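These notes concern the structure reproduced below.
This one's a predicted model, so the numbers in the text were calculated from it and none came from an experiment.
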Protein chains: 2
Amino acid sequence: MVSLKDISVRCGVSVATVSKALNGHKDVSAATKERLLKAAKEMGYFPNSQARALKTNRTYNLGVMYLDEAGSGLTHEFFAKVLDSFKTTAETSGYDITFINRDVGRQKMSTYEHCKYRNVDGVIIACTDFTSQDVYEMINGDIPVVTIDHIFDCRTAIMSNNEKGMEELIGYVTKMGHKNIAYIQGNKSAVAERRLAGFYKACMNRNIEVNPDWIINGEYHNPDMTYELTKSLLSRNERPTCIFMPDDYSAMGGFNAIKDMGLSVPEDISVVGYDGIAYSQLLSPKLTTYLQDTEQIGVTAAKQLVSLIESPQTTFKEVITVDGKLLEGGSVKDIN
Amino acid sequence: MVSLKDISVRCGVSVATVSKALNGHKDVSAATKERLLKAAKEMGYFPNSQARALKTNRTYNLGVMYLDEAGSGLTHEFFAKVLDSFKTTAETSGYDITFINRDVGRQKMSTYEHCKYRNVDGVIIACTDFTSQDVYEMINGDIPVVTIDHIFDCRTAIMSNNEKGMEELIGYVTKMGHKNIAYIQGNKSAVAERRLAGFYKACMNRNIEVNPDWIINGEYHNPDMTYELTKSLLSRNERPTCIFMPDDYSAMGGFNAIKDMGLSVPEDISVVGYDGIAYSQLLSPKLTTYLQDTEQIGVTAAKQLVSLIESPQTTFKEVITVDGKLLEGGSVKDIN
DNA sequence: AAGGACATTTCAAACGTTTCCGTTAATTAA
DNA sequence: TTAATTAACGGAAACGTTTGAAATGTCCTT
């Protein structure tokens with residue numbers, strides 16, 4: 001690998017001058033600067049990121065912290081898409097992305113320690129158990145952090161607008177004449193709370209009574225459980241005309257339960273999902289759902305994190321809400 | 001951050017001794033070694049990965065190279081799952097994962113240059129355009145590389161067993177009585193070639209004539225295109241009884257085309273997919289498909305890459321084939 | 001002509017490791 | 001007893017940068 005020294009001997013200047021020229025310092029003449037830049041390009045020079053990091057304490061590396069469990073994380077379409085746009089934006093700003101976990105190799109270490117070890121400049125936390133010790137340690141550490149879909153005191157958070165999503169969905173189904181609405185909600189979490197709050201509020205605004213027996217505790221990303229819950233829900237004496245599923249993926253389970261009971265969507269039961277994943281729009285009928293703006297969430301998270309890193313005065317806590325969009329499919333019947 | 005020097009002054013030994021103790025060298029007494037290890041733990045010492053990398057030229061970081069385009073990469077379930085298990089295995093061996101691309105920040109650089117810049121110890125190449133200049137540069141470089149689903153001379157490759165997959169699928173559908181089989185294949189690639197070869201061979205072995213008009217060029221991961229191709233295929237005079245789709249995701253497009261033509265699966269047309277993604281098993285009927293062993297592919301890739309790095313004599317080219325498993329759904333009708 | 005002001009360049013230390021080699025002391029062999 | 005071997009540890013250079021201070025040179029001002 002060609003180093004600063006190689007360039008310096010070839011051009012007959014000191015290493016310091018080369019460094020300054022390449023980093024755009026002003027105390028080097030335009031002539032030599034050009035000469036050195038040219039030589040650097042010719043020789044195929046690239047800075048050694050480790051050496052630079054050692055001196056500057058900046059790695060231009062961002063850590064990604066997420067839950068590493070089956071059925072979650074990378075294989076979760078929502079997270080994958082957010083990560084994808086986060087990554088693209090971060091790269092444009094000159095940052096690379098590294099996965100951060102606990103216990104790398106033989107070393108027992110926490111996620112925070114891992115960050116210290118790798119010296120990441122900042123961390124994005126998403127799709128994880130926000131009550132875990134590891135998250136707690138990160139939040140209270142001195143590394144810039146942006147969380148997604150969870151709000152901590154004194155940390156910047158990017159929130160998908162769950163209240164608005166619920167408001168729009170409820171608005172839509174009530175316009176279609178539904179009043180008896182069930183809601184199979186996801187795991188206990190900030191997201192679930194906000195959606196439920198949005199659900200209640202939207203119903204209240206329309207003078208629709210919420211039947212507490214129809215608020216059912218399910219799980220995100222769990223079609224099997226949703227299948228069972230849907231089935232048991234529909235086996236009761238009184239049936240809702242419309243079911244809100246935890247998310248689009250789980251909704252597949254709900255669809256199947258309905259079908260297996262000899263009913264059909266939307267003729268007998270209307271269904272809405274949440275997320276707007278690709279598959280949901282390939283079903284027939286297409287699922288009526290709320291498309292979360294994963295692109296915008298990822299981009300915003302990256303921009304916030306970078307600005308947190310690069311302009312430390314930005315270190316106040318900020319909560320940024322990203323709106324989504326209702327996708328009108330054919331899974332909700334007009335019963336007016 | 002606590003450094004070796006901090007430990008050395010506290011314990012009254014030299015930095016060199018601390019380094020050796022912590023790295024398990026033999027020329028340090030058991031007593032002091034224990035004392036130093038204890039101090040290190042107490043003080044919360046973690047090595048500075050940059051400083052270490054600078055000296056040793058080993059970063060314990062692996063690069064991931066993949067196609068960063070819409071509908072591919074991270075949001076591709078096959079790739080996401082492979083990456084997930086790759087990551088887990090790599091971490092167990094003490095390696096972290098960093099995404100590698102071109103043009104990070106203002107710097108214009110190739111993927112290979114990026115690897116040099118970040119000093120990754122090895123690279124996994126997957127889910128990309130294997131004919132690109134960037135891949136070519138990587139393959140001819142001096143960084144350990146493992147490719148997934150593509151074979152280069154002198155580079156280790158992990159191959160999903162596409163021939164066997166096709167063999168099993170053809171075996172299954174012929175057992176169900178199908179002889180008129182169409183195949184909408186994916187983008188021109190090593191994978192597509194192997195599947196097609198497997199398709200032909202399996203048919204030949206059973207004395208089934210392949211109708212060349214029924215070998216159709218489609219695209220992977222493209223439900224819309226598959227929709228159109230399926231529709232035009234079924235509009236011809238002569239119809240196949242069974243259609244092989246490029247993959248499960250695309251198969252959704254095929255399903256919809258069939259439905260939109262007033263036909264149904266499997267009564268009128270049988271369908272098989274490829275991949276075994278989660279969604280395919282939530283459809284009704286469930287899709288009959290071939291489940292690729294993403295877990296095994298990821299694990300094997302990681303192990304091979306690590307051994308390539310850690311025991312340089314392993315640098316011979318190796319091609320490892322990973323078998324999958326037929327998933328019998330309900331999308332193929334028994335027409336015997 | 002001497003002094004300062006400025007532009008340009010170099011020196012040298014530092015970042016936190018690893019590792020070769022040398023030193024000392026202790027142990028063993030002859 | 002002496003020489004040789006070994007065990008345990010320290011010195012110091014090196015990896016490739018960055019950066020403040022010092023050095024050099026040039027030009028302007030008075």
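- When the C1' atom of dC9(D) is taken as reference, atom CG of Leu22(B) falls 15 Å away, rounded to whole Å.
- The closest side-chain heavy-atom distance from Thr17(B) to Ser8(B) is not below 4.5 Å.
- Taking the six-membered ring where the residue is Trp, Phe130(B) and Phe152(B) present tilted rings, their angle falling between 30° and 60°.
- The NZ-C1' distance, from Lys116(A) to dG16(C), rounds to 15 Å in whole Å.
- When distances run from any side-chain atom of Leu54(B) to the nucleotides dG10(D), dC9(D), dC15(D), the shortest one goes to dC15(D).
- The nearest heavy atom of DNA chain D to Val2(A) and to Val13(B) marks one nucleotide each, and the one closer to the 5' end goes with Val13(B).
- Rounded to a whole Å, the NZ atom of Lys26(B) is 13 Å from the C1' atom of dC20(C).
- Within the structure, a side-chain polar atom (N or O) of Arg52(A) is placed less than 4.0 Å from OP1 or OP2 of dT18(D).
- Taking atom CG of Leu36(A) as the reference point, atom P of dT8(C) lies 14 Å away to the nearest angstrom.
- Atom CG in Asp6(B) sits roughly 13 Å away from atom C1' in dT17(C) (whole-Å rounding).
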Counting primed atoms plus P, OP1 and OP2 as sugar-phosphate and everything else as base, spell out the protein contacts along nucleotides 19-28 of chain D at 4.0 Å heavy-atom distance: B, S or - for each nucleotide, 5' to 3'.
BBB-------

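- Taking the side chain as every heavy atom from C-beta outward, Glu91(A) and His114(B) never approach each other to under 4.5 Å.
- None of Asp84(B), Val64(B), Ile148(B) except one satisfies the side chain to side chain contact (heavy atoms under 4.5 Å, CB included) rule with Phe79(B); the exception is Val64(B).
- Tyr60(A) has its OH atom 10 Å from the P atom of dT18(D), to the nearest Å.
- You'll find the side chain of Tyr45(B) stays beyond 4.5 Å of the side chain of Val18(B), heavy atoms only.
- The 5' end of DNA chain D is approached more closely, in terms of each residue's nearest nucleotide, by Val28(B) than by the other of Val28(B) and Ser3(A).
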Assess the residue pair Phe46(A) and Glu113(B) against the criterion (side chain to side chain contact (heavy atoms under 4.5 Å, CB included)); give the C-alpha distance rounded to whole Å, side-chain angles, the decisive distance to 0.1 Å, and a yes or no.
CA-CA 8 Å; Phe46(A) 279 97; Glu113(B) 288 168 337; 3.3 Å; yes

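- Across residues 42-51 of chain B, Tyr45(B), Phe46(B), Pro47(B), Asn48(B), Ala51(B) each have a non-hydrogen atom less than 4.0 Å from an atom of DNA chain C (numbered order).
- Looking at heavy atoms from C-beta onward, Ile7(A) lies in side-chain contact with Leu36(A) at the 4.5 angstrom threshold.
- Side-chain contact check for His150(A) versus Val135(A): every heavy-atom pair is 4.5 Å or farther apart.
- One can place NZ of Lys5(B) at 15 Å from C1' of dT18(C), the figure rounded to the nearest angstrom.
- The aromatic rings of Tyr60(B) and Tyr95(B) lie tilted to each other, with the angle between the two planes from 30° to 60°.
- Side-chain contact, Thr98(B) with Asn61(B): a donor N or O sits under 3.5 Å from an acceptor N or O.
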Going through the checks in order, is the side chain to side chain contact (heavy atoms under 4.5 Å, CB included) test met by Met1(B) and Asn48(B)?
CA-CA 9 Å; Met1(B) 221 56 244; Asn48(B) 179 308; over 6 Å; no

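- Here Thr32(A) does not reach the OP1 or OP2 of dT8(C): none of its side-chain N or O atoms lies under 4.0 Å away.
- Contact of the Val306(A) side chain with the Lys303(A) side chain is not registered, since no non-hydrogen atoms from C-beta on lie closer than 4.5 Å.
- When the P atom of dT18(D) is taken as reference, atom CG of Leu4(A) falls 6 Å away, rounded to whole Å.
- Each end of the helix from dG4(C)-dC27(D) to dA30(C)-dT1(D) gets its own rotation axis from five pairs of C1' atoms, and the angle between them is 60° to the nearest 10 degrees.
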